[in-house]
Protein chains: 2
Amino acid sequence: MSRICKDGFDEECIKEQREVYGIAYTQNILSGRWKYLILWFLKFKERRYNEIKTFLGGISQGSLTKQLRELETDGLINRKIYPEVPPRVEYSLTSKGEALIPIIDLMEEFGKRFGDKVD
Amino acid sequence: MSRICKDGFDEECIKEQREVYGIAYTQNILSGRWKYLILWFLKFKERRYNEIKTFLGGISQGSLTKQLRELETDGLINRKIYPEVPPRVEYSLTSKGEALIPIIDLMEEFGKRFGDKVD
DNA sequence: CTGTATCCATGGAGATACTG
DNA sequence: CAGTATCTCCATGGATACAG
């Protein structure tokens with residue numbers, strides 16, 4: 001993300017630097033086609049790798065693993081490994097990840113209200 | 001966006017189809033590196049093409065025009081042309097676009113709270 | 001089951017030049 | 001001032017094959 005703000009704007013925008021940065025930050029950690037959906041799916045309970053994969057339908061393993069790693073790196077989800085055979089890994093939201101849920105819920109509402117019907 | 005949901009999930013997810021679709025819809029109309037920022041910038045007042053361009057800093061004309069057209073097509077912003085010389089065009093939020101502002105504000109808050117400091 | 005490694009296709013975004 | 005038209009580049013994501 002390149003420079004965001006220049007000078008010469010009205011007072012509403014003075015605080016701009018920080019506000020704009022906040023938006024960009026949030027957008028960045030949510031960038032990726034599946035992250036909103038993964039987070040939304042995790043809000044109910046922790047889920048295993050394959051549950052998420054099935055839920056997302058079309059995603060490939062490579063992509064899913066990558067998205068999951070990014071979410072983990074950004075501190076949005078926990079990854080808990082059970083030393084069993086066959087392996088079991090469960091993903092859950094961190095508190096930071098949970099703080100994102102209200103945003104996703106709002107997006108859901110917006111989409112239901114304004115999106116073209118899907119039925 | 002490919003298929004989203006399969007069957008066989010717990011009751012929290014029954015309504016899934018509609019909810020997930022809502023999220024995907026909202027995500028889609030906000031896809032693009034600059035749209036959140038453009039919307040945020042318009043929330044204070046209507047703005048001219050070059051104001052937006054300057055505000056965004058690094059964006060090229062080609063990209064800006066494209067993002068603006070998409071926002072207009074999705075019904076998020078109005079484009080008002082003043083038949084003057086030199087030309088003047090002002091962009092403003094539609095009511096649908098305004099409905100997105102709470103989401104962007106939440107993202108801003110989240111970013112300020114959890115993002116690495118920028119000072 | 002839960003990954004990793006590799007390659008390839010696609011689309012978003014920037015640069016540049018031109019126009020009413 | 002406010003665009004349009006091209007062209008190019010690169011990151012993201014998907015497919016496929018292989019592994020602990």
Side-chain angles (χ1 to χ4, degrees), chain A residues 1-4 6 8-9 23-24 27-39 41-42 46-74 76-92, chain B residues 1-4 6 8-9 23-24 27-39 41-42 46-74 76-92:
Chain A
M1 181 70 71
S2 60
R3 292 302 323 300
I4 286 298
K6 294 290 179 49
F9 283 102
I23 297 170
Q27 183 179 8
N28 277 339
I29 65 175
L30 287 174
S31 73
R33 183 174 168 189
W34 307 98
K35 291 194 184 153
Y36 290 95
L37 262 16
I38 293 172
L39 258 13
F41 189 54
L42 290 180
E46 51 182 25
R47 307 281 191 177
R48 299 181 61 172
Y49 183 89
N50 253 346
E51 284 184 293
I52 300 172
K53 183 162 173 8
T54 306
F55 166 65
L56 292 178
I59 197 170
S60 64
Q61 284 186 326
S63 295
L64 177 55
T65 299
K66 195 175 162 206
Q67 306 271 315
L68 253 13
R69 289 293 170 279
E70 289 176 7
L71 287 169
E72 193 189 356
T73 299
D74 289 326
L76 267 23
I77 62 173
N78 294 125
R79 178 162 176 266
K80 187 171 182 185
I81 305 169
Y82 294 84
E84 305 174 357
V85 179
R88 179 157 65 108
V89 179
E90 293 198 330
Y91 294 91
S92 57
Chain B
M1 181 69 73
S2 60
R3 292 302 323 300
I4 286 296
K6 293 288 181 50
F9 285 100
I23 297 171
Q27 183 178 8
N28 277 339
I29 64 174
L30 287 175
S31 72
R33 183 175 167 189
W34 308 98
K35 290 191 183 157
Y36 290 95
L37 263 15
I38 293 172
L39 258 12
F41 189 53
L42 291 180
E46 50 183 25
R47 307 280 190 178
R48 299 180 61 171
Y49 183 89
N50 255 344
E51 284 185 292
I52 300 172
K53 182 163 172 9
T54 306
F55 166 66
L56 292 178
I59 196 171
S60 65
Q61 285 187 326
S63 295
L64 178 54
T65 299
K66 194 174 163 209
Q67 306 272 312
L68 254 11
R69 290 291 169 282
E70 289 177 8
L71 287 169
E72 193 189 354
T73 299
D74 288 326
L76 266 23
I77 62 174
N78 295 124
R79 180 162 174 263
K80 187 171 182 185
I81 304 169
Y82 295 84
E84 303 173 356
V85 178
R88 180 156 65 108
V89 178
E90 294 197 332
Y91 294 92
S92 57

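In the text below, chain A, chain B and the rest are named by the order of the sequence lines, each starting its count at 1. Just so it is clear, the model here is predicted, and its values are computed rather than measured.
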Validation row: [X], [Y] side chains within 4.5 angstrom (heavy atoms):
X	Y	answer
B:Ile52	B:Leu42	yes
B:Asp74	B:Asn28	no
A:Glu51	A:Thr54	no

Checklist outcome for this item: Contacts of B:Gly62 and A:Leu68 projected onto DNA chain C by closest heavy atom; the upstream (5') one is A:Leu68

Euclidean distance, atom [atom1] of residue [X] to atom [atom2] of [N] [Å, nearest integer]:
X	N	atom1	atom2	result
B:Ile38	D:dA2	CD1	C1'	15 Å
B:Glu72	D:dA2	CD	C1'	13 Å
B:Ile52	D:dA2	CD1	P	9 Å
B:Leu56	D:dA2	CG	P	14 Å
B:Tyr49	C:dG20	OH	P	17 Å
B:Leu71	D:dG3	CG	P	13 Å
A:Arg69	D:dT12	CZ	C1'	17 Å
A:Glu46	C:dT2	CD	P	12 Å

Checklist entry - Taking the nucleotide of DNA chain D with the closest heavy atom to each, which residue, A:Pro87 or A:Ser60, is nearer the 5' end? => result A:Ser60

Next on the checklist: Given the ring of A:Phe41, does A:Arg47 sit roughly above its face, with NZ or CZ under 6.0 Å from the centre of the six-membered ring and within 45° of the axis?
Outcome noted: yes

Does [X] make a side-chain N or O approach to OP1 or OP2 of [N] shorter than 4.0 Å?
X	N	result
B:Arg79	D:dA2	no
A:Arg33	D:dT12	no
B:Tyr91	D:dG3	yes
B:Arg88	D:dA2	no

What nucleotide among [options] has an atom nearest to a side-chain atom of [X]?
X	options	value
A:Asn50	C:dG3, C:dT2, D:dA2	C:dT2
A:Ile59	D:dC1, D:dG3, D:dG14	D:dG14
A:Pro86	D:dA2, D:dG13, C:dC1	C:dC1
A:Gln61	C:dT4, C:dA17, C:dG14	C:dT4
A:Ser63	D:dG13, D:dT4, C:dG3	D:dG13

Checklist entry - Taking it one step at a time, do B:Ile38 and B:Leu64 satisfy side-chain contact (heavy atoms from CB on, under 4.5 Å)? => result CA-CA 9 Å; B:Ile38 293 172; B:Leu64 178 54; 4.1 Å; yes

Once you apply a heavy-atom cut-off of 4.0 Å, does [X] come out as touching a base, just sugar-phosphate, or nothing?
X	value
B:Gln67	sugar-phosphate
A:Glu84	nothing
A:Tyr82	nothing

Item to check | Audit row: A:Arg79, A:Leu68, side-chain contact (heavy atoms from CB on, under 4.5 Å) steps and yes/no | outcome: CA-CA 9 Å; A:Arg79 178 162 176 266; A:Leu68 253 13; over 6 Å; no

